[in-house]
Colleague: 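Before we start, here is the structure in question, set down as structure tokens.
Ligands are counted one by one from 1 in listed order, and the atoms in each one are counted from 1 as well.
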Amino acid sequence: MQKTLVLLKPDAVQRGLVGELVSRLERKGLKLVGMKLVRMDDALARQHYAEHVDKPFFKGLAEFITSGPLVAMAIEGEDAICMVRTLMGETNPANAAPGTVRGDYAVSIGLNLVHGSDSPESAQRELALFFKEDEILEYDRATDPWIIES
Ligand code: DAT
Ligand code: MG
């Protein structure tokens, strides 16, 4: 089992797509183990996007990501990191396949609706930026209709 951080970015909240995007993760069978509405500030943006701080697009990225509330989620599942990235689609919506979030709903590389951690190390680091330990709940396998115990 893996945990990963998913952000429904300010454009998703503003466009009223939160329900639809949460629904896509739920229908896939991924488990929601933490969720909150967050307004990122500059300091958090620099920490979260540490790998991009020196890139030319960082200023715009930071302005966008701090521009309004976003939904932060802790998502759990087998291969959750890769599954979320596949559901999101390519970073540039021009290359994102139909059926993915970015393929279906986005036209701009900046306003691309979702974030998903890209490795187990990033997931651990990023989850800690948005959630205290006790804000991520233990997932109850006993009630999971996707799991057949023999
Ligand atoms: P991803 O969000 O798919 O992990 P990333 O980590 O490379 O992509 O970049 C983080 C975010 O930064 C991305 O969602 C949108 C923005 N971004 C990336 N490359 C960009 C570019 N060339 N121009 C503008 N924004 C960019
Ligand atoms: Mg990334």
Side-chain angles (χ1 to χ4, degrees), residues 1-139 146:
M1 282 293 196
Q2 284 180 335
K3 288 192 186 73
T4 187
L5 176 75
V6 175
L7 301 178
L8 308 180
K9 297 182 184 180
D11 53 340
V13 175
Q14 201 182 11
R15 290 171 59 187
L17 289 171
V18 169
E20 163 65 18
L21 301 184
V22 173
S23 183
R24 285 180 173 225
L25 298 168
E26 284 186 313
R27 283 181 302 184
K28 173 74 172 170
L30 292 163
K31 301 303 164 193
L32 191 52
V33 291
M35 190 175 195
K36 59 167 77 165
L37 204 59
V38 178
R39 179 79 186 254
M40 278 173 83
D41 62 14
D42 231 47
L44 183 54
R46 296 184 79 84
Q47 280 183 291
H48 174 69
Y49 283 125
E51 64 183 297
H52 299 309
V53 164
D54 296 325
K55 307 254 173 78
F57 60 81
F58 181 74
K59 191 168 175 284
L61 174 61
E63 273 170 22
F64 162 59
I65 207 73
T66 60
S67 67
L70 54 76
V71 176
M73 294 187 283
I75 293 289
E76 183 172 303
E78 229 165 283
D79 287 322
I81 294 167
C82 180
M83 283 195 193
V84 164
R85 300 274 306 178
T86 301
L87 291 174
M88 282 167 42
E90 292 276 321
T91 307
N92 186 342
N95 304 322
T100 66
V101 171
R102 290 161 170 176
D104 287 350
Y105 294 112
V107 291
S108 152
I109 191 168
L111 309 181
N112 64 11
L113 296 166
V114 278
H115 168 84
S117 308
D118 62 8
S119 69
E121 296 71 35
S122 313
Q124 200 180 12
R125 188 183 72 81
E126 294 172 1
L127 282 167
L129 292 175
F130 287 86
F131 293 96
K132 298 187 195 112
E133 235 169 84
D134 66 359
E135 290 175 333
I136 297 179
L137 302 190
E138 195 75 29
Y139 169 60
W146 272 262

Colleague: As an exercise, identify every atom of ligand 1 less than 4.0 angstrom from a heavy atom of Tyr49.
Modeller: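 Selected atoms, number and element: 10 (C).
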Colleague: Within the supplied structure, the quantity of interest is the number of heavy atoms (other residues, nucleotides, ligands) at a distance under 6.0 Å from Gln14 CD; does it exceed 12?
Modeller: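 Counting neighbours around CD of Gln14, 12 or fewer heavy atoms of other residues, nucleotides or ligands fall under 6.0 Å, so no.
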Colleague: Is Glu78 atom CD crowded by more than 12 heavy atoms from other residues, nucleotides or ligands, each under 6.0 Å away?
Modeller: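 Counting other residues, nucleotides and ligands, CD of Glu78 stays at 12 neighbours or fewer.
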Colleague: Taking atom NZ of Lys31 as the centre, does the number of heavy atoms from other residues, nucleotides or ligands within less than 6.0 Å exceed 12?
Modeller: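 Atom NZ in Lys31 is packed in, count exceeds 12.
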Colleague: Could you tell me whether Ile109 approaches ligand 1 through its side chain, its backbone, both or neither, with non-hydrogen atoms closer than 4.0 Å?
Modeller: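 The answer is both, backbone and side chain.
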Colleague: Counting each atom of ligand 1 from 1 as listed, which ones have a heavy atom of Arg102 under 4.0 Å away?
Modeller: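 In order of number, 1 (P), 2 (O), 3 (O), 14 (O).
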Colleague: Can you find an N/O atom of Thr91 closer than 3.5 Å to an N/O atom of ligand 1?
Modeller: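 Between Thr91 and ligand 1, an N or O pair is found under 3.5 Å apart.
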Colleague: Does Gln124 CD have over 12 foreign heavy atoms under 6.0 Å away?
Modeller: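 Open: at most 12 neighbouring heavy atoms sit under 6.0 Å from CD of Gln124.
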Colleague: If you define the side chain from C-beta out and look only at heavy atoms, does anything of Tyr49 sit under 4.5 Å from His115?
Modeller: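 Yes. Closest side-chain heavy atoms under 4.5 Å.
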Colleague: Do Lys55 and Leu61 have side chains that approach each other closer than 4.5 Å (heavy atoms only, starting at C-beta)?
Modeller: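 No - every pair of side-chain heavy atoms lies 4.5 Å or more apart.
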Colleague: Under 3.5 Å between any N/O of Lys9 and any N/O of ligand 1: does that happen in this structure?
Modeller: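 N/O-N/O distance below 3.5 Å exists for this pair.
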Colleague: Can you confirm whether Leu17 sits close enough to Leu8 that some side-chain heavy atom of one is under 4.5 Å from a side-chain heavy atom of the other?
Modeller: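 Not touching, per the 4.5 Å side-chain cut-off.
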Colleague: From the options Phe57, Phe58, Phe64, select the one whose nearest heavy atom is closest to atom 25 (N) of ligand 1.
Modeller: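 Looking at heavy atoms only, the winner is Phe57.
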Colleague: Which of the atoms in ligand 1, numbered in the order shown and given with their element, are less than 4.0 Å from a heavy-atom of Asn112?
Modeller: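 Answer for ligand 1: 13 (C), 14 (O), 15 (C).
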Colleague: Any idea which atoms of ligand 1 are less than 4.0 Å away from a heavy-atom of Arg85?
Modeller: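 Taking each heavy atom of Arg85 in turn, ligand 1 has 1 (P), 3 (O), 4 (O) under 4.0 Å.
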Colleague: With respect to His52, determine whether any N or O atom, backbone or side chain, lies less than 3.5 Å from an N or O atom of ligand 1.
Modeller: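 Yes; the residue has a nitrogen or oxygen that sits under 3.5 Å from a nitrogen or oxygen of the ligand.
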